[in-house]
*Asks:* 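Below you'll find the structure I mean.
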Amino acid sequence: MADNFNFELVSPERLLVSGSVSEVVIPATEGEMTVMAHHAPTMTTIKPGVVTVKFADGRKDRYVVFGGFADIVPTGCTLLAESAVPADEVKSDEITRRIEAARAELAHAKSDDQKFGIETYLAELTTLQGIVVPV
Amino acid sequence: MPSLKDLKNRIASVKATQKITKAMKMVAAAKLRRAQEAAEAARPYSQRMSAVLANIAQAVGQDDSAPRLMTGTGKDQVHLLVVCTAERGLCGGFNSQIARLARDHTRKLLASGKTVKIVCVGKKGFDILRREFASLIIDRVDLREVKRIGFTNADQVGRKVIGLFEQGEFDVCTLFYSEFKSVISQIPTALQLIPASAPAAVAETTGATAIYDYEPDAGAILGDLIPRNISVQIFRALLENVAGEMGAKMSAMDNATRNAGEMINKLTLNYNRQRQAQITKELIEIISGAEAL
């Protein structure tokens, strides 16, 4: 049995999860990563995606996050999300709204760098929409 | 001397006012509780945020790679003041206190030859500051339509500020809001947003500086983090403001209700006295009429 560690999922509006978990899957910018106890101290930014939390008692929860970053230390992990919602409460129009906002931003983008950034974000959002919204 | 009828009308109108202030007090109390809960719920995020920021700022150190939002432009010629006030009045000295702090600050800056630009969040601050500094106000944000302040509202303001900074519109940004201490005490506060006052001192005292892996790298994370931190600070300020506004409104309305009560007592006494005087006068008239016969 794997060791447990403390995990906290915080959005600016509230604290969503705080408790002992055995593993957490985080959609980091450089690729998904699974965090378990005694992980090397890492700090990473997060792309829009799904966070899967496996609690100490075996229960599994999924949350949709829109960007943010994670602070991982051997004894715990804190995920600061710009916005986070439980996966089954996600409304598809919320994602659609963000996609539209990003598209509008893309139209105004000036430099190539900016365009690239927004396009990546847009691609991530579209993938997320594919995952979350049941067809 | 007002007539009996005038007094009666007066009493009725004060009673009506008292009812309104009482209702407003109760509404403010209910809203205050909600605002306090929201402020409390938002606290963990900003706490973690500053802890992480302190940590990472230390890692990046005084490198040249540190983003300009943190180091500033190196000048302090143009100041941007973001003044957050309430949208509505009837809350005692709440709005004017914040506005006064901002005004004093502006005067001081102007006297030392700096340029000042003001962004008003909330209608009341705009109304007050417009009288003196109409030409300095470059923008205002209206939150009147917003029922419950969400992070997106703060993020909008934050993006606006960052956008202005990137265009080189200002060098130093200060946020004015009211810190919620308790229901009866709100302290107007000025907080420097840009350049971010380095929270490095905190990290040194905790001593918990593990060697971190950074993905993608410390500079990139910091670049992502600092704009977010600005929005978070603004969000916190707005939430504190709402709580403070409701607290101030509650005590102001409580005072008003009490004053109305006192006034009703005084007017009623006056009314009774006058009625008595009139009766006495009528009696005297009757008696002296009878005696004359």
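As the structure is a computational prediction, the values presented were derived from the model and not from experiment. Below, chain A is the first sequence line, B the second, and so on; all start at residue 1.
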*Asks:* For B:Arg140, does the CZ atom sit with more than 12 other heavy atoms under 6.0 Å from it, leaving out its own atoms?
*Replies:*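 Yes, the 6.0 Å shell around CZ holds more than 12 heavy atoms from other groups.
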*Asks:* Checking B:Leu239 against chain A: side chain, backbone, both or neither under 4.5 Å from a heavy atom?
*Replies:*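 Contact with chain A is absent: no heavy atom of B:Leu239 under 4.5 Å.
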*Asks:* Only pairs of heavy atoms separated by less than 4.5 Å count here; which of B:Ser231, B:Ala42, B:Ala39 has the most with chain A?
*Replies:*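 Top option by heavy-atom pairs under 4.5 Å: B:Ala42.
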*Asks:* Is it the side chain or the backbone of A:Ser11 that comes within 4.5 Å of chain B heavy atoms, both, or neither?
*Replies:*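 For A:Ser11, backbone heavy atoms alone lie under 4.5 Å from chain B.
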*Asks:* Mind ranking A:Gly67, A:Gly68, A:Ser83 by heavy-atom pairs under 4.5 Å with chain B and telling me who comes out on top?
*Replies:*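 Option with the greatest count: A:Gly68.
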*Asks:* Under a 4.5 Å heavy-atom cut-off, does chain B meet the side chain of A:Ala81, its backbone, both or neither?
*Replies:*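 Backbone only.
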*Asks:* Looking at A:Thr44, A:Ile72, A:Thr29, A:Thr78, which has the largest count of heavy-atom pairs under 4.5 Å with chain B?
*Replies:*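 It is A:Thr44.
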*Asks:* To the nearest 0.5 Å, tell me how far B:Tyr45 OH sits from A:Leu80 CG.
*Replies:*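 Answer for the OH-CG pair, B:Tyr45 versus A:Leu80, is 5.0 Å.
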*Asks:* Under 4.5 Å from any heavy atom of chain A, what part of B:Phe151 do you find: side chain, backbone, both or neither?
*Replies:*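 The answer is both parts of B:Phe151.
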*Asks:* In terms of heavy-atom proximity below 4.5 Å to chain B, should A:Glu8 be classed as side chain, backbone, both, or neither?
*Replies:*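 Contact with chain B: side chain only.
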*Asks:* Does A:Lys54 have more than 12 heavy atoms from other residues, nucleotides or ligands lying within 6.0 Å of its NZ?
*Replies:*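 Check fails, neighbour count at 12 or below.
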*Asks:* Measure A:Thr45 against the heavy atoms of chain B and call it side chain, backbone, both or neither at under 4.5 Å.
*Replies:*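 For A:Thr45, the contact with chain B is made by backbone and side chain together.
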*Asks:* Can you give me the closest heavy-atom contact between B:Val52 and A:Phe69, atom names plus distance?
*Replies:*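 Closest approach of B:Val52 to A:Phe69, heavy atoms only: CG1-CE1, 3.4 Å.
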*Asks:* More than 12 heavy atoms of other residues, nucleotides or ligands under 6.0 Å from NZ of B:Lys25: yes or no?
*Replies:*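 Open.
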*Asks:* How long is the straight-line distance from CZ of B:Arg48 back to CG of A:Asp71, given to the nearest 0.5 Å?
*Replies:*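 Between atom CG of A:Asp71 and atom CZ of B:Arg48 there are 10.0 Å.
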*Asks:* Using non-hydrogen atoms only, which part of B:Arg228 is less than 4.5 Å away from chain A: side chain, backbone, both, or neither?
*Replies:*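 The answer is the side chain of B:Arg228.
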*Asks:* For B:Ile187, is the CD1 atom crowded, meaning more than 12 foreign heavy atoms sit under 6.0 Å from it?
*Replies:*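 Enclosed: over 12 neighbouring heavy atoms sit under 6.0 Å from CD1 of B:Ile187.
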*Asks:* Could you give the distance from OG1 (B:Thr152) to CZ (A:Arg97), rounded to the nearest 0.5 Å?
*Replies:*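 Answer rounded to 0.5 Å: 7.0 Å.
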